[in-house]
Amino acid sequence: MLGVYQRIYTLVMGVPRGKVATYGQIAKLAGCSARQAGYAMAVAPTDTVPWHRVINSRGQISIRSDGLIDAEQQRLLDNEGIQFDSKGRVDLIRFQWQGPDQSWWADQMLDPPLI
DNA sequence: TAAATGACTAACA
DNA sequence: GTGTTAGCCATTT
């Protein structure tokens, strides 16, 4: 079933290596709530969507409902040059993705959010 | 058809 | 800094 999630995945695939996005940021771009962004990552096709580049608004990796911190996510980000402070937080000022430009939306055949 | 479920967030105390 | 609360809404059951 194709839904808003497909739009979310397309957006996340636009996040470049070495940058991160927040759930709220993706949600705003996709035109849905932050919860949807979170749930979309939970069921994302991990082979095509860089799910690890999506973190929460505090710059931290979110803990999943099973209570486990996803260590692989931090490893993948570290591999891309994302730096974590002593409390496991990413400096969003330095590493947050600034969002797609106008031509990107056209390339993806999507409409920008109304905001 | 109705209820439950979240990898969330902003705004408070 | 730490809670708590309300809002969120597509998807799943």
Side-chain angles (χ1 to χ4, degrees):
Chain A
M1 177 72 182
L2 245 56
V4 172
Y5 288 8
Q6 189 57 54
R7 186 178 164 100
I8 292 176
Y9 298 147
T10 304
L11 283 159
V12 173
M13 285 187 277
V15 181
R17 182 184 162 87
K19 290 288 183 182
V20 297
T22 67
Y23 297 103
Q25 178 185 10
I26 294 297
K28 190 172 174 182
L29 292 169
C32 67
S33 73
R35 282 197 175 278
Q36 268 47 260
Y39 189 65
M41 289 306 100
V43 297
T46 58
D47 54 332
T48 55
V49 177
W51 55 272
H52 58 279
R53 296 185 187 136
V54 186
I55 60 180
N56 65 32
S57 62
R58 304 189 305 254
Q60 294 177 302
I61 292 171
S62 288
I63 300 174
R64 299 171 52 130
S65 56
D66 56 11
L68 298 174
I69 296 175
D70 201 334
E72 186 188 2
Q73 183 167 8
Q74 179 158 355
R75 183 184 63 76
L76 287 166
L77 290 175
D78 189 67
N79 257 356
E80 300 187 349
I82 303 290
Q83 295 170 5
F84 292 81
D85 68 11
S86 58
K87 296 183 181 64
R89 282 182 312 199
V90 173
D91 183 357
L92 291 177
I93 302 297
R94 288 180 56 193
F95 295 111
Q96 185 172 15
W97 180 48
Q98 296 307 308
D101 59 26
Q102 189 64 40
S103 64
W104 185 90
W105 293 98
D107 289 346
Q108 302 300 324
M109 295 183 295
L110 292 175
D111 295 321
L114 302 176
I115 312 181

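Quick note on labels: first sequence line is chain A, next is B, and so on, each numbered from 1.
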Write down the protein N/O and nucleotide N/O pairs, taken from nucleotides 1-7 of chain C, whose separation is under 3.5 Å; answer none if there are no such pairs.
from  : atom 1 : to    : atom 2 : distance (Å)
C:dG7 : O6     : A:R35 : NH2    : 3.2

Open item on the list: Starting from A:F84, can I reach A:V54 by hopping between I/L/V/M/F/W/Y residues whose side chains sit under 4.5 Å apart?
Closed with: no
- [ ] Hey, could you give me each pair passing salt bridge (charged side-chain N to carboxylate O under 4.0 Å, His left out) that has a residue in residues 76-85 of chain A? Not counting sequence neighbours.
- [x] A:R53-A:E80, A:D85-A:R89
TODO: May I ask you to list the residues of residues 73-84 of chain A, by number, that have any heavy atom positioned under 4.0 Å from an atom of DNA chain B?
DONE: A:Q73
Task: Sub-4.0 Å heavy-atom contacts from residues 51-62 of chain A onto DNA chain B, ordered by number - done: A:W51, A:N56, A:S57, A:S62
Open item on the list: Can you measure A:I8 atom CD1 to B:dA7 atom C1' for me and round it to whole angstrom units?
Closed with: 12 Å
Task: Side-chain touch A:F95/A:L77, heavy atoms, less than 4.5 angstrom - done: no
- [ ] Can you run down the salt bridge (charged side-chain N to carboxylate O under 4.0 Å, His left out) pairs that involve residues 97-106 of chain A, sequence neighbours left out, and say none if there aren't any?
- [x] none
Task: Test side chain to side chain contact (heavy atoms under 4.5 Å, CB included) applied to A:Q25 - qualifying residues, sequence neighbours left out - done: A:A21, A:T22, A:L29, A:Q96, A:W97
Task: Residues in side-chain hydrogen bond (donor to acceptor under 3.5 Å, both in side chains) contact with A:R75, at least two apart in sequence or another chain - done: none
- [ ] Give the rounded distance in Å between these two atoms: CG of A:L92 and C1' of B:dT9.
- [x] 13 Å
Open item on the list: Quick one: does any side-chain atom of A:Y9 pair with a main-chain N or O of A:A40 as donor and acceptor, under 3.5 Å?
Closed with: yes
Task: Rounded distance [0.5 Å steps], CZ in A:R7 versus SG in A:C32 - done: 9.0 Å
Task: Full working for side-chain contact (heavy atoms from CB on, under 4.5 Å) between A:I82 and A:Q74 - done: CA-CA 9 Å; A:I82 303 290; A:Q74 179 158 355; over 6 Å; no
TODO: Please check if A:I63 and A:I61 belong to a single hydrophobic cluster, counting links between Ile, Leu, Val, Met, Phe, Trp and Tyr side chain heavy atoms closer than 4.5 Å.
DONE: no
Distances for protein N or O near nucleotides 11-13 of chain B N or O, under 3.5 Å:
none

Open item on the list: Are A:L76 and A:I26 connected into the same hydrophobic cluster when the rule is that any two of I, L, V, M, F, W, Y join if their side-chain heavy atoms are below 4.5 Å apart?
Closed with: yes
- [ ] Report whether A:V43 and A:V12 are members of the same hydrophobic cluster (ILVMFWY, side-chain heavy atoms less than 4.5 Å apart, transitive linking).
- [x] yes
- [ ] Let me know the distance between CD of A:Q6 and C1' of C:dT11, rounded to the nearest Å.
- [x] 15 Å
Task: A:V20-A:V49 co-clustered via ILVMFWY side chain contacts under 4.5 Å - done: no
- [ ] Please state how far atom OH in A:Y23 lies from atom C1' in C:dC9, giving the value in whole angstrom units.
- [x] 17 Å
- [ ] Can you sort out the partners of A:R58 under side-chain hydrogen bond (donor to acceptor under 3.5 Å, both in side chains), two or more places apart, ordered by chain and number?
- [x] A:Q60
Task: Residue list, side-chain hydrogen bond (donor to acceptor under 3.5 Å, both in side chains) with A:S33, at least two apart or on another chain - done: A:Q36
- [ ] To the nearest Å, give me how far apart CZ (A:R7) and C1' (C:dC9) are.
- [x] 16 Å
TODO: Check each residue of residues 36-50 of chain A for a non-hydrogen atom within less than 4.0 Å of any atom in DNA chain C, then write out the ones that pass by number, or none.
DONE: A:Q36, A:Y39
